[in-house]
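Following: one structure in C-alpha coordinates, then a few remarks.
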Amino acid sequence: MASVGPSTASTQPALPSGPAVFITIPYAFILPEIVCGTWVWILVAATSVSLPLLQGWVMYVSLTSCLISLLLLLSYLLGFHRNSENWKVLDSLYHGATAILYMSAAVLQANATINSELGPNSPLCYQLNSAASFFAFLTAFLYILHAFSIYYQ
(Lines give C-alpha, C1' and ligand atoms only; values in the text may rest on other atoms or scores of the structure.)
Protein backbone atom coordinates (compact mmCIF):
# COMPACT_ATOMS: atom_id res chain seq x y z
CA MET A 1 0.00 0.00 0.00
CA ALA A 2 1.36 3.44 -0.90
CA SER A 3 1.95 5.83 1.91
CA VAL A 4 -0.07 8.94 1.99
CA GLY A 5 2.19 11.97 2.13
CA PRO A 6 1.40 15.60 2.39
CA SER A 7 -0.83 16.86 -0.34
CA THR A 8 0.91 18.52 -3.25
CA ALA A 9 -1.31 21.53 -3.62
CA SER A 10 -0.35 23.83 -6.41
CA THR A 11 1.64 26.70 -5.06
CA GLN A 12 0.95 30.15 -6.36
CA PRO A 13 3.96 32.19 -7.40
CA ALA A 14 4.98 34.74 -4.80
CA LEU A 15 4.19 38.35 -5.40
CA PRO A 16 7.36 40.33 -6.05
CA SER A 17 8.80 42.80 -3.57
CA GLY A 18 11.62 45.28 -3.91
CA PRO A 19 13.54 45.56 -7.18
CA ALA A 20 12.07 42.24 -8.42
CA VAL A 21 8.93 44.23 -9.30
CA PHE A 22 10.75 45.76 -12.27
CA ILE A 23 11.61 42.41 -13.86
CA THR A 24 8.50 40.35 -13.05
CA ILE A 25 5.67 40.28 -15.58
CA PRO A 26 2.99 41.77 -15.25
CA TYR A 27 4.28 44.05 -12.49
CA ALA A 28 7.00 45.37 -14.78
CA PHE A 29 4.25 47.13 -16.75
CA ILE A 30 3.54 49.53 -13.86
CA LEU A 31 6.49 51.85 -14.49
CA PRO A 32 5.79 52.22 -18.26
CA GLU A 33 2.11 52.84 -17.41
CA ILE A 34 3.15 55.68 -15.11
CA VAL A 35 5.61 57.17 -17.62
CA CYS A 36 3.22 57.02 -20.60
CA GLY A 37 0.33 58.31 -18.48
CA THR A 38 2.49 61.22 -17.37
CA TRP A 39 3.23 62.03 -21.01
CA VAL A 40 -0.51 62.08 -21.75
CA TRP A 41 -1.07 64.52 -18.92
CA ILE A 42 1.87 66.76 -19.91
CA LEU A 43 0.94 66.83 -23.60
CA VAL A 44 -2.71 67.65 -22.99
CA ALA A 45 -1.72 70.33 -20.47
CA ALA A 46 0.63 71.85 -23.09
CA THR A 47 -2.20 72.37 -25.58
CA SER A 48 -4.74 75.13 -25.51
CA VAL A 49 -7.58 72.99 -24.23
CA SER A 50 -10.25 73.81 -26.80
CA LEU A 51 -12.71 71.16 -25.64
CA PRO A 52 -12.62 71.31 -21.83
CA LEU A 53 -15.18 68.58 -21.27
CA LEU A 54 -13.36 66.04 -23.45
CA GLN A 55 -9.81 66.88 -22.47
CA GLY A 56 -10.79 67.42 -18.84
CA TRP A 57 -11.76 63.74 -18.68
CA VAL A 58 -8.45 62.79 -20.31
CA MET A 59 -6.55 64.87 -17.73
CA TYR A 60 -8.57 63.38 -14.86
CA VAL A 61 -8.05 59.79 -15.99
CA SER A 62 -4.35 60.22 -16.72
CA LEU A 63 -3.53 62.04 -13.49
CA THR A 64 -5.62 59.81 -11.23
CA SER A 65 -4.34 56.61 -12.84
CA CYS A 66 -0.79 57.86 -12.61
CA LEU A 67 -1.09 58.61 -8.89
CA ILE A 68 -2.85 55.35 -8.01
CA SER A 69 -0.37 53.32 -10.08
CA LEU A 70 2.47 55.11 -8.30
CA LEU A 71 0.98 54.15 -4.94
CA LEU A 72 0.56 50.57 -6.13
CA LEU A 73 4.18 50.48 -7.32
CA LEU A 74 5.39 51.81 -3.97
CA SER A 75 3.26 49.20 -2.21
CA TYR A 76 4.93 46.44 -4.20
CA LEU A 77 8.40 47.91 -3.74
CA LEU A 78 7.96 48.15 0.03
CA GLY A 79 6.25 44.74 0.30
CA PHE A 80 2.94 45.89 1.79
CA HIS A 81 1.16 43.01 0.08
CA ARG A 82 2.78 40.38 2.35
CA ASN A 83 2.16 37.87 -0.46
CA SER A 84 -1.62 37.97 -0.02
CA GLU A 85 -3.79 36.65 -2.83
CA ASN A 86 -6.15 39.59 -2.29
CA TRP A 87 -3.51 41.86 -3.83
CA LYS A 88 -3.70 39.94 -7.11
CA VAL A 89 -7.47 40.47 -7.18
CA LEU A 90 -7.07 44.17 -6.30
CA ASP A 91 -4.38 44.60 -8.94
CA SER A 92 -6.44 42.85 -11.62
CA LEU A 93 -9.61 44.80 -10.84
CA TYR A 94 -7.76 48.12 -10.73
CA HIS A 95 -5.93 47.56 -14.01
CA GLY A 96 -9.03 46.20 -15.74
CA ALA A 97 -11.17 49.17 -14.70
CA THR A 98 -8.39 51.62 -15.53
CA ALA A 99 -7.94 50.03 -18.97
CA ILE A 100 -11.60 50.73 -19.73
CA LEU A 101 -11.37 54.31 -18.44
CA TYR A 102 -8.14 54.92 -20.34
CA MET A 103 -9.62 53.58 -23.56
CA SER A 104 -12.51 56.02 -23.22
CA ALA A 105 -10.02 58.84 -22.54
CA ALA A 106 -7.94 57.83 -25.56
CA VAL A 107 -10.98 57.93 -27.83
CA LEU A 108 -11.97 61.35 -26.49
CA GLN A 109 -8.41 62.59 -26.98
CA ALA A 110 -8.46 61.32 -30.56
CA ASN A 111 -11.70 63.28 -31.08
CA ALA A 112 -10.04 66.39 -29.63
CA THR A 113 -7.12 65.82 -32.00
CA ILE A 114 -9.43 65.74 -35.00
CA ASN A 115 -11.20 68.90 -33.82
CA SER A 116 -7.91 70.74 -33.18
CA GLU A 117 -6.84 70.33 -36.79
CA LEU A 118 -8.80 73.41 -37.79
CA GLY A 119 -8.11 75.51 -34.68
CA PRO A 120 -6.28 78.84 -34.45
CA ASN A 121 -2.89 77.33 -33.48
CA SER A 122 -3.52 74.28 -35.58
CA PRO A 123 -0.05 72.92 -36.40
CA LEU A 124 1.31 72.98 -32.84
CA CYS A 125 -1.92 71.98 -31.08
CA TYR A 126 -2.56 69.26 -33.63
CA GLN A 127 0.90 67.79 -33.12
CA LEU A 128 0.62 67.92 -29.32
CA ASN A 129 -2.85 66.38 -29.42
CA SER A 130 -1.65 63.68 -31.83
CA ALA A 131 1.19 62.77 -29.49
CA ALA A 132 -1.22 62.77 -26.53
CA SER A 133 -3.57 60.45 -28.45
CA PHE A 134 -0.71 58.10 -29.26
CA PHE A 135 0.41 57.91 -25.63
CA ALA A 136 -3.19 57.55 -24.41
CA PHE A 137 -3.75 54.51 -26.63
CA LEU A 138 -0.34 53.10 -25.67
CA THR A 139 -1.13 53.53 -21.98
CA ALA A 140 -4.55 51.90 -22.42
CA PHE A 141 -2.81 48.98 -24.13
CA LEU A 142 -0.33 48.66 -21.24
CA TYR A 143 -3.18 48.60 -18.70
CA ILE A 144 -4.97 45.94 -20.77
CA LEU A 145 -1.80 43.83 -20.94
CA HIS A 146 -1.30 44.15 -17.21
CA ALA A 147 -4.89 43.18 -16.39
CA PHE A 148 -4.88 40.12 -18.65
CA SER A 149 -1.40 39.04 -17.54
CA ILE A 150 -2.53 38.97 -13.92
CA TYR A 151 -5.68 37.11 -14.88
CA TYR A 152 -3.82 34.42 -16.81
CA GLN A 153 -0.96 34.11 -14.33
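Along the sequence shown, residues are numbered consecutively beginning with 1. Only heavy atoms go into these numbers, but all of them, side chains included; no hydrogens, no water, no symmetry mates.
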What is the distance from atom CG of Leu43 to atom CD of Gln127, rounded to the nearest 0.5 Å? 11.5 Å
Identify each donor-acceptor pair in which a side-chain atom of residues 134-141 lies under 3.5 Å from a protein atom, sequence neighbours left out, and give them as a table.
| from | atom 1 | to | atom 2 | distance (Å) |
| --- | --- | --- | --- | --- |
| Thr139 | OG1 | Phe135 | O | 2.6 |

Whether Thr47 side chain and Val44 backbone form a donor-acceptor pair below 3.5 Å: yes
Do Met103 and Ile144 come within less than 4.5 Å of each other through their side chains, counting heavy atoms only? yes
Using the rule that Ile, Leu, Val, Met, Phe, Trp and Tyr join whenever any side-chain heavy atoms are under 4.5 Å apart, tell me whether Val58 and Val35 fall into a single cluster. yes
Tyr102 vs Val40, test: side chain to side chain contact (heavy atoms under 4.5 Å, CB included). Steps then yes/no. CA-CA 11 Å; Tyr102 235 110; Val40 172; 4.1 Å; yes
If we ignore hydrogens and angles and just use 3.5 Å, is the side chain of Thr113 paired with the main-chain N or O of Asn129 as donor and acceptor? yes
Determine whether Ser149 and Phe29 satisfy the following criterion, side chain to side chain contact (heavy atoms under 4.5 Å, CB included), listing intermediate values before the conclusion. CA-CA 10 Å; Ser149 297; Phe29 292 131; 3.9 Å; yes
Honestly curious: do Leu70 and Tyr60 fall in one hydrophobic cluster under the side-chain, below-4.5 Å linking rule? yes
Output yes when a side-chain donor or acceptor of Ser62 lies under 3.5 Å from a complementary backbone atom of Met59, and no otherwise. yes
Leu53 and Leu63: same hydrophobic cluster, using ILVMFWY side-chain contacts below 4.5 Å? no
Does His146 use its side chain to pair, donor to acceptor, with the backbone of Leu142 at less than 3.5 Å? no
Do Val107 and Ile100 land in one hydrophobic cluster if side-chain heavy atoms of ILVMFWY residues count as linked below 4.5 Å? no
Give the ring-plane orientation class for Tyr143 versus Tyr94, where under 30° counts as parallel, over 60° as perpendicular and anything between as tilted. perpendicular
If I take atom CD1 from residue Ile34 and atom CG from residue Leu67, how far apart are they, to the nearest 0.5 angstrom? 9.0 Å
Which atom of Ala112 lies closest to which atom of Leu54, heavy atoms considered: N-CD1, 4.5 Å
Check the hydrophobic clustering (I, L, V, M, F, W, Y; side-chain heavy atoms under 4.5 Å; chains of links allowed) and say if Leu71 and Tyr76 are grouped together. no
Got Leu73 and Glu33 here, is their nearest side-chain heavy-atom distance under 4.5 Å? no
Taking every heavy atom of Ala46 against every heavy atom of Leu128, the minimum-distance pair comes out as O-CD1, 3.7 Å
